[in-house]
There are 4 protein chains.
Amino acid sequence: MPTSTTRPLASRRSESSRVAILDAALSLCREKGYAKVSIEAIAARAGVGKQTIYRWWPSKASVVLEALEGVAARVPTADTGDVMADMRARLAQVIELYADERFGPHLGALIGEAQHDPALRADLLERYLRPRRADALQRLQLAREEGQLPGTVNLDDLADVIFGAVYHRLLLRNGPLDKAYAHFVIDTVLASCVTRPRRPRTRTTSRTGRPAATR
Amino acid sequence: MPTSTTRPLASRRSESSRVAILDAALSLCREKGYAKVSIEAIAARAGVGKQTIYRWWPSKASVVLEALEGVAARVPTADTGDVMADMRARLAQVIELYADERFGPHLGALIGEAQHDPALRADLLERYLRPRRADALQRLQLAREEGQLPGTVNLDDLADVIFGAVYHRLLLRNGPLDKAYAHFVIDTVLASCVTRPRRPRTRTTSRTGRPAATR
Amino acid sequence: MPTSTTRPLASRRSESSRVAILDAALSLCREKGYAKVSIEAIAARAGVGKQTIYRWWPSKASVVLEALEGVAARVPTADTGDVMADMRARLAQVIELYADERFGPHLGALIGEAQHDPALRADLLERYLRPRRADALQRLQLAREEGQLPGTVNLDDLADVIFGAVYHRLLLRNGPLDKAYAHFVIDTVLASCVTRPRRPRTRTTSRTGRPAATR
Amino acid sequence: MPTSTTRPLASRRSESSRVAILDAALSLCREKGYAKVSIEAIAARAGVGKQTIYRWWPSKASVVLEALEGVAARVPTADTGDVMADMRARLAQVIELYADERFGPHLGALIGEAQHDPALRADLLERYLRPRRADALQRLQLAREEGQLPGTVNLDDLADVIFGAVYHRLLLRNGPLDKAYAHFVIDTVLASCVTRPRRPRTRTTSRTGRPAATR
DNA sequence: GAATAACCGAGACGGTACGTCGCGTCTTACG
DNA sequence: CGTAAGACGCGACGTACCGTCTCGGTTATTC
């Protein structure tokens, strides 16, 4: 236990204001769209001074990012032993979230904003995209350990191809973003790599989906 | 035909102003980045009244889009008979353009702006992304006609997976955008589809295709 | 005739906005007092953008100064031949204006503001105080020319003593600012200087109150 | 008696904070001018919490007023028997203080602030202006008692005329504020009143300068 | 000599207004 | 009529301070 039994001490930040700001940001985004939301409006709706926002966040985008973080439930990490099926299921869930009008457009706007805000891009990658990517990566690594994927394939690149397909449809809207597309992506991208579709019988896995013996 | 078909030929529009505006827009983008360029600044640098911009373009993004059009040369559409090799080459060229500091970031910014500007999104798709995609699609269709790709595969989805991989790296910067990535993408995505790597000897190509020999 | 027959050319300034701003400034001053008036409030009441105020005036004080200028009627320049009586009458009129709740406090506030705004002080002196002082000075000079005041007295200093007495009561409110005070000031300050109370019989004056022969 | 009578002796108020605040206020005034000094800046420079200032003073002006009190030495009250000479000397000393760049401008600023702060005006009059005026008034009263001034003259008004002349030059800067002006003011204003320049031989005065018999 | 309460520093808070920027529209004079 | 120029109403920016309000920490009585 790193801290003493008393409160953290090191911050008199108001939790109620923080929550009010995130709520206001999210509701305004949903009402008027990210681009038409101003920090002034967020502050006004949250019943908060503008300075309180500027004190804790560097930009409107950063506020919305944090608000979106609270919304996005972590995709459950299915692990049935069949890497193709698992990835299909996971990608379908990601797509379901991104296709949601209450979420996808705002994420798109943040990516748009990140084009001229390197700090936001870093934040977005670190706090949003990489964690989700990491879940997928983990499943792919497991598959590789189990011999379902050849050791030669670059899993980072592989993950980018998979997610790239999704973000393309999110950002450009050039075609439907649905479960069928998820299946297509996995079938197309993974099929060429997967050498053996299913986990070998001899392995046993722990509850967490990670091979018990390897840890 | 000196002017494009989108502007009426009988217009009394000043060509010198149009060029000055596009030049100013591009140079300002390169100096300060798309986001920090304002219509006021473009007008000032171009020595033009603001109204002259508003008269002919709906938004800053539209001006920049037109300016970028002048920059982007059309990728030569290689056709060697080997669909994998051809696609690798084409994608490598697209990537080369997008990795160019004088082009990629501005395209990224336009895609960002398109997130809250449906008209821009349509324009961007129509004038920019789809033409490039169409080149690729055409080559894939040719390959299908030649039996190198099964008739069941959805080529639209396939193209989106391929381009999605590229835009992902352009927009998120999560990994290098280079020729190696182009190769990886094609190898991974196409490999699972391609049934026969090379054009059959017995085939002759239609006149719509671009057989290497006809040029 | 310095300019051509067409309009001044050299200003597209909106007269209606100018008037609206001055009106708004004055009415707000009267409602809430100078100190509680903000440029934002003036702009809002005038139905004008803030920039329009900042474009033409350097500060709130400058706006109010111009507004007050429109209010202050020039004191009629009595000239009866009796310098003491004339000055008493003039000073009484100045005092009447300054004792007016709709005027005096705002002038006081401007003098207050001028304490940390040299440009305003210069403006205030040039456009407000000196013109009024000049009227008094002129009458005193006339009296001197007519031999009612000795040539040795410094009329500038004399005027400052007279006006100083008034501004003291305006700014410090240490005693009533009324006609009796005006009389007292003139009686006390001028009495010691005036050698002969009335204009000599032999002189004739023009309608303007200036001795005809001296010009 | 270490503390003033205005603060309760039993107070646990920190004297060191009080001094630090007054020092900070004064030095900031001299560096940036009264108007650009904020309570925040005073607190920061004094190494003091803002609340400590708000607890003991009602406004920035009040702090500065107290700080200035420490600077202004009381003018010695000359009494030579010659009321004109005495007043000249006293006024010259007042003027010397007000002409001091380290004092006059701040006093001017306080008078300016007092235009919209009645409490400050009262405080300023009570603690600053009236004490000085009282010194002069006392000397004039003595002169009247000694028959040098007629009983009919309103000494309050007379004092305001004299001081008004000084404040006019302090606040409006319309002419030099120097010893010559002091002499001119007294010569002009008092000359008309004084019936006999010097104290009659038959009177005796106590060493305090006040007529022994009247107390 | 511990309890306790006033005062302290620090600084976050809800606000108001600042002065600036850029928007998209409108007006004017010129070619 | 299209143009260069730029004023206009407007909205938002990010900053500065306002005066209030907790927070612990310190200090000087009071029990």
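Chain naming here is simple, since letters A, B, ... match the order of the sequence lines and numbering starts at 1 in each.
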Gap between atoms CD1 and P, on I42(D) and dG9(E) respectively (whole Å):
14 Å
Can you figure out which of dC8(F), dG11(E), dC8(E) approaches the side chain of R12(A) most closely?
dG11(E)
Any S17(D) side-chain nitrogen or oxygen under 4.0 Å from OP1 or OP2 of dG9(E):
yes
Which one, dC8(F), dC13(E), dT25(E), comes nearest to the side chain of R55(C)?
dC8(F)
Using heavy-atom distances to pick each residue's nearest nucleotide on DNA chain E, tell me which of V48(A) and P58(C) is more 5'.
V48(A)
Measure from the side chain of I39(D), starting at C-beta and using heavy atoms only, and say which of dG14(E), dG19(F), dG9(F) lies closest.
dG19(F)
Between R13(C) (CZ) and dG9(F) (P), how many Å, whole number?
12 Å
On DNA chain F, compare the nucleotides closest to G47(C) and Q51(A); which residue's is nearer the 5' end?
G47(C)
Atom CZ of R55(C): over 12 foreign heavy atoms under 6.0 Å:
yes
Gap between atoms CH2 and P, on W56(B) and dG24(E) respectively (whole Å):
18 Å
For the pair Y34(B) and E113(B), evaluate side chain to side chain donor-acceptor pair (under 3.5 Å) and give the outcome as yes or no after the intermediate values.
CA-CA 10 Å; Y34(B) 173 84; E113(B) 199 98 320; 2.8 Å; yes
Under 4.0 Å between a Lys/Arg side-chain N and an Asp/Glu carboxylate O for E101(A) and R30(A)?
no
Rounded to whole Å, please give me the gap between CD in E40(B) and C1' in dC8(F).
12 Å
Any side-chain N or O of T52(D) under 4.0 Å from OP1/OP2 of dG9(E)?
yes
Please give, in whole Å, the distance from dC13(F) P to I53(A) CD1?
9 Å
Nearest 0.5 Å, please: how far is CD1 in I39(A) from CG in L28(A)?
12.0 Å
Between C1' of dA12(E) and NZ of K50(A), the distance in whole Å:
18 Å
Tell me which of K36(A) and A43(B) sits closer to the 5' end of DNA chain F, going by the nucleotide each one is nearest to.
A43(B)
Nucleotide dA12(F), atom P - distance to OH of Y54(C) in whole Å
18 Å
Would you kindly give the CG-to-P distance between D117(D) and dC18(F), to the nearest whole Å?
14 Å
Quick one: do R45(A) and E31(A) make a salt bridge, cutoff under 4.0 Å?
yes
